[in-house]
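Starting from 1, each residue takes its place in the sequence as its number. All values below come from the heavy atoms of this structure, side chains included, with hydrogens, waters and symmetry mates left out.
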Amino acid sequence: QVQLVESGGGLVQAGGSLRLSCTASVRTFTIYTMGWFRQAPGKEREFVVASRRSSGVTYYADSMKGRFTIARDNAIKTVYLQMNTLKPEDTAVYYCAATLREVVPDSPAAYDYWGQGTQVTVSS
């Protein structure tokens with residue numbers, strides 16, 4: 001059973017930064033591709049960024065490039081999402097996800113395991 005626990009969300013002013021964490025309860029973390037998604041009220045879940053298993057190759061949604069960064073610490077089975085220059089439109093629940101599938105990891109359908117989500121609110 002894979003469990004993912006996110007933390008680090010909160011309220012921040014526009015232009016500020018936050019770092020989200022997601023810790024996985026798995027035996028071997030490196031075999032999982034890890035992704036971050038977000039979902040704003042009334043909108044579909046949106047891909048943010050992913051880190052491919054083993055290779056660590058990263059995939060970014062075009063709108064997130066330059067502001068958001070993914071990093072993983074395999075020793076402590078944790079993946080991070082560093083978010084800089086936050087905007088009010090970044091307000092959403094942010095989800096961590098994991099998959100073993102060999103697919104392009106930019107769709108919710110590619111993932112089998114999800115965290116409970118953490119709220120990020122950016123005030124103007």
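Inter-residue side-chain proximity for Asn74 and Arg72 is flagged as met; some heavy-atom pair is nearer than 4.5 Å. With a 4.5 Å cut-off on side-chain heavy atoms, Cys96 and Trp114 do not count as touching. Using a 4.5 Å cut-off on side-chain heavy atoms (C-beta onward), Arg52 and Glu102 make contact. Contact annotation: the side chain of Lys77 never approaches that of Tyr32 to less than 4.5 Å [non-hydrogen atoms, C-beta and beyond]. Inter-residue side-chain proximity for Ile76 and Phe29 is flagged as unmet; no heavy-atom pair is nearer than 4.5 Å.
Not a single donor-acceptor pair under 3.5 Å links the side chain of Tyr111 to the backbone N or O of Thr33. With Tyr113 contributing its side chain and Leu100 its backbone, the two residues share no donor-acceptor pair below 3.5 Å. Of the possible donor and acceptor atoms, none in the side chain of Ser124 sits under 3.5 Å from a partner among the backbone N and O of Pro88. In this structure a side-chain-to-backbone donor-acceptor pair under 3.5 Å is missing from Gln82 to Arg19. Thr85 contributes no side-chain N or O that, together with a main-chain N or O of Arg67, makes up a donor-acceptor pair within less than 3.5 Å.
In terms of hydrophobic clustering, with Ile, Leu, Val, Met, Phe, Trp and Tyr side chains grouped at heavy-atom distances under 4.5 Å, Ile70 and Phe37 are assigned to different clusters. By the criterion of side-chain heavy atoms lying less than 4.5 angstrom apart, applied directly or through intervening Ile, Leu, Val, Met, Phe, Trp or Tyr residues, Tyr95 is not grouped with Val120; the two fall into different hydrophobic clusters.
Between Gln119 and Val93, the closest heavy-atom pair is OE1-CG2, 3.3 Å. Between Ser21 and Thr78 the shortest heavy-atom distance is CB-CG2, 4.3 Å. Val79 approaches Met34 most closely through the heavy-atom pair CG1-CE, 3.9 Å. Heavy atoms only, all atoms of each residue included: Val104 and Ala110 are closest at O-CB, 4.0 Å. Taking every heavy atom of both residues into account, Pro108 and Arg45 meet most closely at CG-O, 4.2 Å.
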Kindly indicate, with the supporting measurements, whether the criterion ring-ring contact (aromatic ring centres under 6.0 Å, His included) is fulfilled by Phe47 and Tyr59. CA-CA 10 Å; Phe47 172 69; Tyr59 300 78; 7.6 Å; no
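With Val2 as the fixed residue, the side-chain contact (heavy atoms from CB on, under 4.5 Å) test singles out one of Val26, Thr99, Asp112: Val26. Checked options Val49, Leu81, Asn84; the residue passing with Phe68 is Leu81 (criterion: side-chain contact (heavy atoms from CB on, under 4.5 Å)).
In this structure, the separation between CE on Met64 and CD on Glu46 is 4.0 Å, given to the nearest 0.5 Å. From Glu6, atom CD reaches atom SG of Cys22 across 5.0 Å, with rounding to the nearest 0.5 Å. The CH2 atom of Trp36 sits 10.5 Å away from the OH atom of Tyr80 when rounded to the nearest 0.5 Å.
Side-chain contact annotation: Arg38 with Tyr94, donor-acceptor N/O pair under 3.5 Å present. With hydrogens and angles left out, the side-chain atoms of Thr121 and Thr91 include no donor and acceptor closer than 3.5 Å.
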